[in-house]
Undergrad: 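Following this message is one structure expressed as structure tokens.
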2 protein chains.
Amino acid sequence: MTVTRERALSASLEDYLEAILNLSAGSKVARSKDIAEVLEVSRSSVTGALRTLAEKQLVNYKPYGFITLTNQGWAQAEKVVRRHNIIKSFFVSILGVDPTTAGKAACRAEHALGPQIVNRLLHFIEFATANNNSGLDLAKEFTKFCENNFDKVGPDAGEQI
Amino acid sequence: MTVTRERALSASLEDYLEAILNLSAGSKVARSKDIAEVLEVSRSSVTGALRTLAEKQLVNYKPYGFITLTNQGWAQAEKVVRRHNIIKSFFVSILGVDPTTAGKAACRAEHALGPQIVNRLLHFIEFATANNNSGLDLAKEFTKFCENNFDKVGPDAGEQI
DNA sequence: TAATATAGTTAGTCAAGGCGAACTTTTCAA
DNA sequence: TTGAAAAGTTCGCCTTGACTAACTATATTA
């Protein structure tokens, strides 16, 4: 049996994969320039990352050619996106954080939280939804609780962390 | 008014500060060797980090001398520790994650989650506690929910993220 | 107190991941 | 169809943060 040693991707490379997947989904083709724009990185940095990802067989890439994800790369990218969505969803729908802040935080946290915790977050969302259906809206209760106890002076007043 | 431009600390430097605070709290003095041990890093890396932190006036450091936190460094370190504890606490007491996994994840996530979200997590813990007192034990309910829906085959079976 | 073990530092190296400037390819409009 | 403009690449450089090996300072103990 041939074992391909695949080391865990760095946060940075995961970001590139994620961006490529998102761009591919949107417009069918991921252009180097757009990746740079999305990740707020120079075009030359993108080239470097693409070379690395190609070495790892995660993207099909030849200079001046099209950029596509390999099957392996697609799978990896989907995992990242999935993690991202679960985390963001938790922030928004349970914690009541605004989508923009939640998205940015998810971007960073998606590289920090392992499968067990992400799974638990997912379950928790499901739990809240189930509870919601059976009468208790957890998110709403929490929001009310925050309003009563912390938000008296205004939205998110008194942040001192 | 003199403004000291203090750039945000890198994750790595935050880790050093945190380790120094924890060691100081435990044994009154943080030794270079112990920092290396805690962070699983070479002694020379510690020296390098201490030099950087000293430049930023966050530690009092002279070669071969004692290592202590400045007031500023102490304040920063406490923020990091506070963030860490809130996040870990959420993982353990709400999500029901084991303390070891939770601690490691908190270590990584504490650099990724901003004040708003950490605050919300803290509030959520308080919310759960308040609810707990008034009859509904959220954490217990969630655990039950997980057991009923996901843990049928064993603890954390079916992790596919 | 001298010898040695331990702690700490220095110097040199490396890899990752960024950048800008200059160059090459491709595209598109006149 | 040709010549700019846009897109992409290459090159050289920088920073961060880690490492090892070799050195120096401090502590300990016989």
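In this text, all values refer to a predicted model and were calculated from it rather than measured experimentally. Order of the sequence lines fixes the chain letters, A, B, ..., with proteins taken first and strands second; residue numbering starts at 1 for each chain. The figures here come from the full heavy-atom set of this structure, side chains too, leaving out hydrogens, waters and symmetry mates.
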Undergrad: Looking at the side chain of B:Val41, which of D:dA7, D:dC19, D:dT9 is the nearest nucleotide?
TA: D:dC19
Undergrad: Indicate whether any N or O donor in one side chain lies under 3.5 Å from an N or O acceptor in the other, for A:Ser44 and A:Thr47.
TA: no
Undergrad: Rounded to the nearest Å, what distance is computed from the CG atom of residue B:Leu13 to the C1' atom of nucleotide D:dT16?
TA: 9 Å
Undergrad: Which whole-number value in Å describes the distance from A:Leu23 CG to D:dA7 P?
TA: 14 Å
Undergrad: Base, sugar-phosphate or nothing for A:Ser12? Non-hydrogen atoms, less than 4.0 Å.
TA: sugar-phosphate
Undergrad: 5' to 3' on DNA chain C, which nucleotides open and close the contacts with chain B (atom under 4.0 Å from a heavy atom)?
TA: C:dA7 to C:dT10
Undergrad: Evaluate the ring planes of B:Phe124 and B:Phe90, with Trp represented by its six-membered ring, and classify them as parallel (under 30°), tilted (30 to 60°) or perpendicular (over 60°).
TA: perpendicular
Undergrad: After noting the C-alpha distance and the side-chain angles of A:Asn60 and A:Thr70, does the key distance pass the side chain to side chain donor-acceptor pair (under 3.5 Å) rule?
TA: CA-CA 6 Å; A:Asn60 301 115; A:Thr70 63; 5.7 Å; no
Undergrad: Write down the distance between CG (B:Asp15) and P (D:dT16), rounded to a whole number of angstrom.
TA: 16 Å
Undergrad: What's the shortest heavy-atom distance between A:Ala30 and A:Leu23, and which atoms?
TA: CB-CB, 4.0 Å
Undergrad: Taking atom C1' of D:dG8 as reference, at what distance in whole Å does atom CZ of A:Arg31 sit?
TA: 11 Å
Undergrad: Could you tell me how far apart B:Glu55 (CD) and D:dT16 (C1') are, to the nearest whole angstrom?
TA: 13 Å
Undergrad: Send over the distance from B:Arg51 CZ to D:dT15 C1', rounded to a whole Å.
TA: 15 Å
Undergrad: When you get a sec, tell me which of D:dA7, D:dC19, D:dT10 is the closest nucleotide to the side chain of B:Ser44?
TA: D:dC19
Undergrad: For residues A:Ile94 and B:Leu121: do they belong to one hydrophobic cluster (side chain heavy atoms under 4.5 Å, members Ile, Leu, Val, Met, Phe, Trp, Tyr)?
TA: yes
Undergrad: Would you mind reading off the distance between B:Tyr64 atom OH and D:dT24 atom P, rounded to a whole angstrom?
TA: 9 Å
Undergrad: Sequence neighbours left out, cut at 3.5 Å: what donor-acceptor pairs do the side chains of residues 8-16 of chain B make with other protein atoms?
TA:
unit_1: B:Ser10; atom_1: OG; unit_2: B:Leu13; atom_2: N; d: 3.2
unit_1: B:Glu14; atom_1: OE1; unit_2: B:Arg83; atom_2: NH2; d: 2.7
unit_1: B:Glu14; atom_1: OE1; unit_2: B:His111; atom_2: ND1; d: 2.7
unit_1: B:Glu14; atom_1: OE2; unit_2: B:Arg83; atom_2: NH2; d: 3.3
unit_1: B:Asp15; atom_1: OD1; unit_2: B:His111; atom_2: NE2; d: 2.8

Undergrad: Round to a whole Å and report the spacing from CD1 of A:Ile67 to C1' of D:dA7.
TA: 11 Å
Undergrad: Mapping A:Ser10 and A:Arg43 onto DNA chain C by nearest heavy atom, which one lands closer to the 5' end?
TA: A:Ser10
Undergrad: For A:Glu141, give me all partners under salt bridge (charged side-chain N to carboxylate O under 4.0 Å, His left out), at least two apart in sequence or on another chain.
TA: A:Lys144
